[in-house]
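In what follows, a structure is listed as structure tokens, so that the remarks can point back to it.
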Amino acid sequence: MTQEELDALMNSTEDLDLDGAEETEVKPETDYEDEERNKQIVNGMINGDYKARADMAWPPPPPSKEHKVVHQLDDVTRDSEIKATEMMEKLESINDFFANSENELCVISDALNKNIEIFEKLNLKFPNVKSFKEAIEVNNNAKNIIDDITGCLQTGQDEVMMAMDAMQYQDIHRQKIERVINVMRALSRYMSSLFEGKIDDEKRVGSAVHIEGDTTADVVSNDDIEALIASLGKK
């Protein structure tokens, strides 16, 4: 290639945007990024900002009051029983109000019947007096209204009784939750018995910080070595 051809080739490449021609590579998520994310989650657990999520398998929730399963279920059964008892008491009070109101309306209805009877007698003796006929109509209308109100109160009592029957599911749910609690407690006792050891945990040798083949770069520090030597010297 001559010098003229080389110069022409160099001039033709000056207009090319070499930076724009480079494609951005999408780097896959590395193990380091996973580790950093897990550290953030653990820090959140330490700071009390941990929130249980169904799509997160690790790390598990800390054994705090909010995450102890049996404690939570015990609270549910206790609170549910208390609220169910309060609800039943309220329904009984409403039913008593309906019954008392119905009894009072019966008293008023009897008084209206007596008024109607009196005005009918007066109307027979004095048929030309219009006020007696009007009084009979007014009392009959009031009696019809009372009958309608009595019917509504009776319907309300029936609805209350159906609500009280529907509340029986609460006791069934409580029994089911208690059954689950008993199974979980039995499994807990079984697992504790299965992994029980003869040596107390305080007397066991601590695990090595770093073993050859581990992916972690953590090694035993000088302070750990000095503490180990000091502990051996005390024996």
Side-chain angles (χ1 to χ4, degrees), residues 41 44-45 48-120 133-196:
I41 297 174
M45 295 171 60
D49 298 332
Y50 179 86
K51 183 178 180 181
R53 292 169 46 187
D55 59 344
M56 187 173 63
W58 186 264
S64 59
K65 181 180 179 181
E66 292 78 11
H67 299 120
K68 290 185 178 181
V69 179
V70 176
H71 285 193
Q72 293 291 318
L73 292 177
D74 286 336
D75 292 341
V76 169
T77 55
R78 184 192 66 248
D79 295 341
S80 298
E81 187 174 1
I82 292 174
K83 295 302 180 182
T85 303
E86 292 179 356
M87 185 62 68
M88 294 294 289
E89 291 176 353
K90 294 296 183 182
L91 290 174
E92 289 178 357
S93 298
I94 294 173
N95 190 58
D96 292 339
F97 290 147
F98 286 161
N100 294 333
S101 299
E102 185 179 356
N103 292 332
E104 292 176 356
L105 286 176
C106 289
V107 175
I108 298 175
S109 181
D110 292 338
L112 292 175
N113 289 329
K114 291 181 179 180
N115 290 338
I116 293 171
E117 183 180 355
I118 293 172
F119 285 121
E120 285 179 348
K133 293 181 180 180
E134 292 176 355
I136 294 174
E137 292 179 358
V138 170
N139 283 272
N140 282 326
N141 291 332
K143 190 173 180 299
N144 292 331
I145 293 174
I146 288 177
D147 292 338
D148 293 338
I149 295 174
T150 302
C152 292
L153 292 174
Q154 292 175 350
T155 303
Q157 287 177 309
D158 294 338
E159 294 293 334
V160 169
M161 295 302 297
M162 287 189 289
M164 295 175 70
D165 291 338
M167 286 294 295
Q168 297 300 323
Y169 81 92
Q170 187 70 29
D171 185 62
I172 297 175
H173 286 185
R174 178 185 58 81
Q175 294 178 22
K176 289 182 178 180
I177 295 175
E178 289 177 350
R179 180 186 296 173
V180 172
I181 292 174
N182 291 332
V183 172
M184 295 175 66
R185 293 300 300 160
L187 288 174
S188 176
R189 288 191 295 270
Y190 169 75
M191 296 298 292
S192 298
S193 176
L194 184 65
F195 292 105
E196 186 179 7

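Residue numbers start at 1 and run along the sequence shown.
- Taking CZ of F119 as the reference point, atom NZ of K133 lies at 14.5 Å (rounded to 0.5 Å).
- When the options Q168, H173, Q175 are evaluated for a side-chain hydrogen bond (donor to acceptor under 3.5 Å, both in side chains) with D171, the one that passes is Q175.
- What you find for L112 and K143 is that their closest heavy atoms are CD1-N, 3.7 Å.
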For residues 102-110, tabulate all N or O donor-acceptor pairs below 3.5 Å that involve a side-chain atom, not counting sequence neighbours.
residue : atom : partner : partner atom : Å
E102    : OE2  : Q154    : NE2          : 2.7
N103    : ND2  : A99     : O            : 3.3

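- Other residues, nucleotides and ligands place more than 12 heavy atoms under 6.0 Å from the CZ atom of R78.
- The CD1 atom of I181 sits 10.5 Å away from the CZ atom of R174 when rounded to the nearest 0.5 Å.
- Within 6.0 Å of the CE atom in M87, the count of heavy atoms belonging to other residues, nucleotides or ligands does not exceed 12.
- The side chain to side chain contact (heavy atoms under 4.5 Å, CB included) check on M164 picks up M88, L91, E92, V160, M161, with sequence neighbours excluded.
- Side-chain contact between V183 and L187 is present, with heavy atoms from C-beta onward closer than 4.5 Å.
- The CG atom of D148 lies 11.0 Å from the CG atom of L153; values are rounded to the nearest 0.5 Å.
- Contact annotation: the side chain of E178 never approaches that of L73 to less than 4.5 Å [non-hydrogen atoms, C-beta and beyond].
- Taken to the nearest 0.5 Å, the CD1 atom of I118 stands 9.5 Å off from the CG atom of N139.
- Between E86 and K90, no side-chain nitrogen of the basic residue sits less than 4.0 Å from a carboxylate oxygen of the acidic one, so the salt-bridge criterion is not met.
- Checked by atom type and distance alone, the side chain of S193 never pairs as donor or acceptor with a backbone atom of Y190 at under 3.5 Å.
- Here the CG-CD1 distance, from N182 to I177, works out to 12.0 Å after rounding to the nearest 0.5 Å.
- Shown here are the side chain to side chain contact (heavy atoms under 4.5 Å, CB included) partners of Q170, two or more places apart in sequence or in another chain: S80, A84.
- Annotation: the span from N115 atom CG to N140 atom CG amounts to 10.5 Å, rounded to 0.5 Å.
- With hydrogens and angles disregarded, no donor-acceptor distance shorter than 3.5 Å links the side chain of S188 to the backbone of M184.
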